[in-house]
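One structure below.
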2 protein chains.
Amino acid sequence: MAVTISDVAHAAGVSKGAVSYALNGQPGVSAGTRERILQAAKELGWKPSLRAKGLSSAKAFALGLVVARDPSLLGTDPFFPAFIAGIETALSEHDYTLVLSVATGAGAEERCYRKLAENGRVDGFLLTDVRHDDSRIPLLQELKLPAVTLNRPDSDSPFPAVSMDDCAGITAAVEHLVALGHTRIAHVGGGQEYIHGRSRRQAWESALATAGLPADLFEAADFTAAGGMAATAELLRRTDKPTAIVYANDLMATAGQYYAQTQGLSVPGDLSVTGYDNADFTQYLNPPLTTVATEPMLWGRVAAQVLLNQLSNSHDGEDTVLQAPTLLVRASTGPAPAGEAAPNAPVPPHYTCTQQAPQHPDTPPTLCFP
Amino acid sequence: MAVTISDVAHAAGVSKGAVSYALNGQPGVSAGTRERILQAAKELGWKPSLRAKGLSSAKAFALGLVVARDPSLLGTDPFFPAFIAGIETALSEHDYTLVLSVATGAGAEERCYRKLAENGRVDGFLLTDVRHDDSRIPLLQELKLPAVTLNRPDSDSPFPAVSMDDCAGITAAVEHLVALGHTRIAHVGGGQEYIHGRSRRQAWESALATAGLPADLFEAADFTAAGGMAATAELLRRTDKPTAIVYANDLMATAGQYYAQTQGLSVPGDLSVTGYDNADFTQYLNPPLTTVATEPMLWGRVAAQVLLNQLSNSHDGEDTVLQAPTLLVRASTGPAPAGEAAPNAPVPPHYTCTQQAPQHPDTPPTLCFP
DNA sequence: ATGAAAGCGCTAACAG
DNA sequence: CTGTTAGCGCTTTCAT
């Protein structure tokens, strides 16, 4: 930390200002002088101080991520680590860092955002787990910080969104089950305060509608194992109990599958089960779980990139739509039990490979990252 | 950000310096003046700028955590989210934040530490996943930043450690299996480059020695599901195959249990299995996994606290030992198969509740957090 | 005990 | 185009 901009200026025989311009590639310095300055900087091993830069330019060179989940839930969700790793790949190219906060408890979330903003810790936020009528959107407008939302909020939002089509994954799961002859396909939903909880439910409803089946087997839960288990118990108590359950995430599916088995049901013999997220452990369940593979790492990278572009005013403001997730068919789904014979064409007992979820024509991908 | 220290100084009729002293509770200002200054600051709603503070005092007010795991492994590990949540609880009381980096790929880790240090992003580091002869320890000494290690490194380290006794958990698992009559108790180890991979292996060896059993059924793996599965396959191929396997983490145990079942073995009828970490999903496996419950959240809180104390020179330099983890007995462990009858006293077929791991007398807890 | 003033290292407005 | 200079908001030394 010894060598400063003044040292370089001296060495190059110019003023501090010239060095600053030279370094940042701004006009105001001739090519020759610039070369000389950069040379001097290199020789002295000058590393500009981020702190001083931050003070004078009022920037933090950091992005914020506030996670408002219960730690126990967090721990089971494969989403965040991969998402963060993705963010990192984008940030590391730009000398930005990630400031992570875990806010637990009521009010803690808002306080967290406020504190990071007021202390000038970050230049923008990545908003995950977007909720219905999310209060963070007006909050961030008030705080005057840019942001990127994961999926488009259902309230007015000035922030660009980076979305991954939930609908496609759930639709693929339902279509898969319908093809296997199931007619009573239930859904255990995630928290309906989350837009991804809602959209997955709606996707389930409309996929059933398309198949000409009623969407009357819904049970709300909260993305937790305990909630998934309770919801499953409720569904299996019904006289018209389902032969297949589409869960809004893997954790609930895991708990639901477990519960069904403890009740003496065979999976998939008596009950087919699908999850969502493709958590690593799901392939080692008995039976391995059919689930929807999202790409959280890609999501993180793109979201961070979009936010960085905003900060440098090089973002067009458009939403970004990522490639739709993919259904991974494993052994937790099978033909509907006898007596529920397929109303459609005969189907093979098992799919053996990944099938691509259909792209939804009504969500025009303005941009598609590979 | 409108109101600055000068405004407050004007309002209180003093100089900037006085305001600074008053705010930081330093001597150099009389009680009366201090009161007046604080009053003025409150009225104006003054928030001191962290950036300016950072520049003039050469501090970052942030702690760094560099995670060098493969994102896919990260996603399945319940440790980090809870650990981070724990860190947060300690930091939020002190206006510190967490800068998180995920470094993947060779060399990325060191670059990450260097960059954070050179850019003055953090005032200290939390070192997790400590390795044998860990190169980060000399690195951080070179970078002249304080740190806290999770568990005491096996090389000389000037940094205080916050430890949780691995030995106790594994010992409890082995003792539990021995009590169930098992005599061929294998261990699938985690990466032996990690000190917790090593210590768990050593704990397994010495627990077997104590029981008068040979420790010849060891298979090295790498904490991943795939590795755990391969190691399990290897063990089960042996002619003297084990009747119980102690895994170094839950993910390997899950994969191992799955593999055994695919081979037609009953768990725990033919093979008992124990995990480590108490990942949430383990209670929904079939059968639910007997595992060791660590407390990552507590660990994070204490580690951050110790590091903060170091920064304020109020740390005594002693290591901190947390309460030993606890064995959670669930259905993946049971009596040894017939023909392997218990050499000891008859045992109940199942423990039904948590049993406290014995405290190890040879690791004197210098401090024990509740 | 108090106040003035000199940095911290950089950016950007402003003369030359 | 180039170089000078005044901040950014705080800490801390040094006279008073």
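Letters A, B, ... are given to chains in the order of the sequence lines, protein chains preceding strands, and every chain is numbered from 1.
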Inter- and intrachain pairs under ring pair (Phe, Tyr, Trp, His ring centres under 6.0 Å), touching residues 26-55 of chain B, at least two apart: none

With rounding to the nearest 0.5 angstrom, report the [atom1] to [atom2] distance, [X] to [Y].
X	Y	atom1	atom2	result
B:Thr97	B:Ile87	OG1	CD1	11.5 Å
B:Asn309	B:His94	CG	NE2	7.5 Å
A:Glu109	A:Arg131	CD	CZ	4.0 Å

Between the first and last five pairs of the helix from C:dA1-D:dT16 to C:dG16-D:dC1, the angle of the axes, rounded to 10 degrees: 50°

Base versus backbone protein contacts along nucleotides 11-16 of chain C [heavy-atom cut-off under 4.0 Å; B, S, -]: BBB---

May I have the distance from [X] (atom [atom1]) to [N] (atom [atom2]), rounded to whole angstrom?
X	N	atom1	atom2	value
A:Lys47	C:dC10	NZ	P	11 Å
A:Asn119	D:dG9	CG	P	14 Å
B:Arg34	C:dT2	CZ	C1'	13 Å
A:Leu55	C:dG7	CG	P	17 Å
A:Phe61	C:dG9	CZ	C1'	13 Å
A:Ile37	C:dC10	CD1	P	14 Å
B:His10	C:dG3	NE2	P	12 Å

Say whether, by atom type as modelled, one donor and one acceptor occur between the side chain of [X] and the main chain of [Y] under 3.5 angstrom.
X	Y	value
A:Thr149	A:Arg152	no
A:Ser312	A:Leu308	yes
B:Arg36	B:Ala12	yes

Parallel, tilted or perpendicular: rings of B:Phe83 and B:Phe80 (30°, 60°): perpendicular

Touch class at under 4.0 angstrom, heavy-atom based, for B:Thr33 against every strand present: sugar-phosphate

Sugar-phosphate, base or nothing in reach of B:Gly13, heavy atoms under 4.0 Å: sugar-phosphate

Over all atoms of both residues, closest heavy-atom pair of B:Val162 and B:Trp299: O-NE1, 2.9 Å

